[in-house]
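In what follows, a structure is listed as structure tokens, so that the remarks can point back to it.
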There are 2 protein chains.
Amino acid sequence: MIKLTIKRIAELANVSTATVSKVLNGKDKNISEATRRRILEIVERENYRPNRIAKGLKLKKTNTIGLIVPDIKNLFFAEMAKGIEDAAEKKGYSVILCNSNNNRDKEEKYINMLQDRMVDGIILTTSENNIDLYFRDGQVPIVLLDRNIDADLNIGRILTDNEEGGYIATKHLIDKGCKNIGFISSINKNFSSYNRFIGYKKALLESGYKINEKLIYTGSFSIETGYNGTLELLKNSELDGIFCGNDYIAIGAIKALKEKNIKIPDEVKIVGFDDILLAKYMEPPITTIRQPIYDLGKEAVNMLISIIDKKDTEMTKILKTELVERGSS
Amino acid sequence: MIKLTIKRIAELANVSTATVSKVLNGKDKNISEATRRRILEIVERENYRPNRIAKGLKLKKTNTIGLIVPDIKNLFFAEMAKGIEDAAEKKGYSVILCNSNNNRDKEEKYINMLQDRMVDGIILTTSENNIDLYFRDGQVPIVLLDRNIDADLNIGRILTDNEEGGYIATKHLIDKGCKNIGFISSINKNFSSYNRFIGYKKALLESGYKINEKLIYTGSFSIETGYNGTLELLKNSELDGIFCGNDYIAIGAIKALKEKNIKIPDEVKIVGFDDILLAKYMEPPITTIRQPIYDLGKEAVNMLISIIDKKDTEMTKILKTELVERGSS
DNA sequence: ATTATTAATGGAATCTTTTTCACTTTAATC
DNA sequence: GATTAAAGTGAAAAAGATTCCATTAATAAT
């Protein structure tokens, strides 16, 4: 069974392809009602659907966006991707999914590949070790999601207020009476992690605490880092609170503390970050700084499409965080 | 800055586009070494990259596959998607991500859309309420992932041995001394769920147990169903074990039991299914039936690409499950 | 009756690539 | 030196859509 083309429809309707195209795209002010109806009827009957690739080539618009994330199996990115796909679908766009595995080279390859595929725009959560820029100008519209790059390129940014989040988290631990508050997170190059750290420092200093290098451990946003970091911090201090850079780290921290028979929250209090879907089901349920993860994705799509449509858009949007108090503190 | 085309490269090299195309695609046995090198040098220097859309249109091959899942923010599908994207990328394919939200109509729309986009094949985890078929013949290659449809269409299938998994899970609970073993899972229409149920029944009957309808609760593969189902089962029985259709349900079950101050595993034992990333970090860590989730995705891609390449392929592949014993039993 | 205007439609170019086939040039053979 | 074969290249068609511009027919205006 051969796929229908506009040419075939035109033959069936005894008109030219131009006419069919016009009717199909609503540019039919000069088409007689009779032909219009005849064409539509045939299109309907034959169940004709235009070839999007051909259309994309001609129009230089594919209604496709690329999404590059470090790792889709991370709940954070999974939920974000859901927000993105949902929002994109509503606006008639499709999403090409790319995992960079936190590898800068792969990320760059994907960016090229996506442009070869004529995507209309790209949503990008850069790899952690990528802080400088490699985008040339005049390329596809890009929205940076949950990351920032220090450059005045014409790039959109959707961020959460990580510094404030870090501040709130640390302040919460201080208010709960913690005296020696550790910080375990990803490396400082990671934009989010770094800003949470700034908030952490700010809260400590504001309350007259000293910054103790021995209470700071950086690795990656993973359970392992949480686990290893906690064991490390426990070695050399009177640790009684940990601000974890994200909930995965908090999960690892909890695991380590349990193994050492240290009571949470009595002996050590834990605050995470993100509020991933499972945070509240952990034991104890994790006190965390909620980010509107799904909305981050949604907003990124909306911003990107605004840019694509050349609408006048604010190029940076910062979403607020919120403390969710649970059993771990 | 205008995008380079093969035409421009041809001009620069003083040859025709045909020659450039041949060199670029390795069909250069009749091209003199001199021209070949000259072209390659220019391509390199100008950083020319062929337009994939144009190529796709001409070749009727886009090196794109569609992925339709109920919900990417579910860890199970997220991990599967990771396996898929990784495998696809290795073979030079890109993945268009679609969430059906378990909605059959949306699923069907996506299938059409993907074909309009000329994907070379589709990997599909159908919505739960879709057991009959709506694929016409002669369409794109399709591989059903973690689902089955009772039809002899020429469709690939990647499955896990759910019945065996259900059997092993239930047998494990029996061996641990449980007398009243509940079953909480998704609706029976869900292919995986149904087969796990068959395994459950088989194990029970084999050991001389009766099937007690009051110990069976179906809803969806969600934490809520686990929670509600457990409360329900607790009402009317001497419940001392629950086989949960997946790990999310197990998480909900644990939550309900904790709220009722029922000890796990002393009073009630729990077995889940899937072994999602977080199963072992729950409290207690969840005993579960491991599926090779990542590999499911990988195998689906490999099968799909075999079909696309018209290689002779076994059209059904069933992967094995494995009991992972942890604290919840 | 002639011109101007509007309505309705279609031809052909275009988007970028691949590929067939024909053509020219060079080398090889007798 | 004539014929044949092989090497090297390019013109043009094709993939399936959109759109510019031209054309025709019908109607209105002068």
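FYI, side chains are in, hydrogens and waters are out, and symmetry mates aren't considered; it's all heavy atoms of this structure. Chain naming here is simple, since letters A, B, ... match the order of the sequence lines and numbering starts at 1 in each.
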Roughly how many Å is it from NZ in A:Lys29 to P in C:dT9, rounded to a whole number? 14 Å
Residues two or more places apart in sequence or in another chain: which of them pass salt bridge (charged side-chain N to carboxylate O under 4.0 Å, His left out) with B:Lys58? none
Rounded to whole Å, please give me the gap between CG in A:Asp28 and P in C:dA8. 11 Å
With sequence neighbours left out, what residues match B:Glu44 under salt bridge (charged side-chain N to carboxylate O under 4.0 Å, His left out)? none
For B:Lys298, all residues meeting salt bridge (charged side-chain N to carboxylate O under 4.0 Å, His left out), sequence neighbours excluded: B:Asp295
Quick one: salt bridge (charged side-chain N to carboxylate O under 4.0 Å, His left out) partners of B:Asp116, sequence neighbours excluded? A:Arg49
What salt bridge (charged side-chain N to carboxylate O under 4.0 Å, His left out) pairs are there with at least one residue in residues 21-31 of chain A, not counting sequence neighbours? A:Asp28-A:Arg36
Axis-to-axis angle across the helix from C:dA1-D:dT30 to C:dC30-D:dG1, five pairs each end, nearest 10 degrees, ~ 60°
Hey, is the main chain of A:Arg147 close enough, under 3.5 Å, to the side chain of A:Ser192 for a donor-acceptor pair? no
Can B:Arg37 and B:Glu33 be counted as an ion pair, charged N to O under 4.0 angstrom? yes
Does any N or O in the side chain of B:Asn101 come within less than 3.5 Å of the main-chain N or O of B:Asn103, such that one atom is a donor and the other an acceptor? no
Please table the atom pairs, donor to acceptor, closer than 3.5 Å between any side-chain atom in residues 87-100 of chain B and protein atoms at least two apart or in another chain.
unit_1: B:Tyr93; atom_1: OH; unit_2: B:Lys61; atom_2: NZ; d: 2.8
unit_1: B:Ser94; atom_1: OG; unit_2: A:Arg117; atom_2: NE; d: 2.9
unit_1: B:Ser94; atom_1: OG; unit_2: A:Arg117; atom_2: NH2; d: 3.1
unit_1: B:Asn99; atom_1: OD1; unit_2: B:Ile72; atom_2: N; d: 2.7
unit_1: B:Asn99; atom_1: ND2; unit_2: A:Glu85; atom_2: OE1; d: 3.1
unit_1: B:Ser100; atom_1: OG; unit_2: B:Asn102; atom_2: N; d: 3.1

Acceptor/donor pairs from residues 8-18 of chain B side chains to any protein atom, 3.5 angstrom cut, sequence neighbours excluded:
unit_1: B:Arg8; atom_1: NH1; unit_2: B:Glu11; atom_2: OE1; d: 3.2
unit_1: B:Ser16; atom_1: OG; unit_2: B:Ala18; atom_2: N; d: 3.3
unit_1: B:Ser16; atom_1: OG; unit_2: B:Thr19; atom_2: N; d: 3.3
unit_1: B:Ser16; atom_1: OG; unit_2: B:Thr19; atom_2: OG1; d: 3.3

Outer limits of DNA chain D sitting under 4.0 Å from a non-hydrogen atom of chain B, read 5' to 3', are D:dG8 to D:dG16
Heavy atoms within less than 4.0 Å of DNA chain D: which residues of residues 30-38 of chain B have one? Give them sorted by number. B:Asn30, B:Ile31, B:Ser32, B:Thr35
Polar side-chain atom of B:Arg157 near backbone of B:Leu144 as donor-acceptor pair, under 3.5 Å: no
In B/S/- notation, 5' to 3', how is nucleotides 15-25 of chain C contacted by protein heavy atoms closer than 4.0 Å? BBBBBB-----
Which atom pairs, one a donor and one an acceptor, fall under 3.5 Å between side chains of residues 300-315 of chain A and the rest of the protein, sequence neighbours left out?
unit_1: A:Ser306; atom_1: OG; unit_2: A:Asn302; atom_2: O; d: 3.1
unit_1: A:Thr313; atom_1: OG1; unit_2: A:Lys311; atom_2: O; d: 2.9

For B:Leu145, is there any backbone N or O sitting under 3.5 Å from a side-chain donor or acceptor partner on B:Thr125? yes
With sugar-phosphate meaning primed atoms plus P, OP1 and OP2, does B:Asp116 contact a base, only sugar-phosphate, or nothing at under 4.0 Å between heavy atoms? nothing
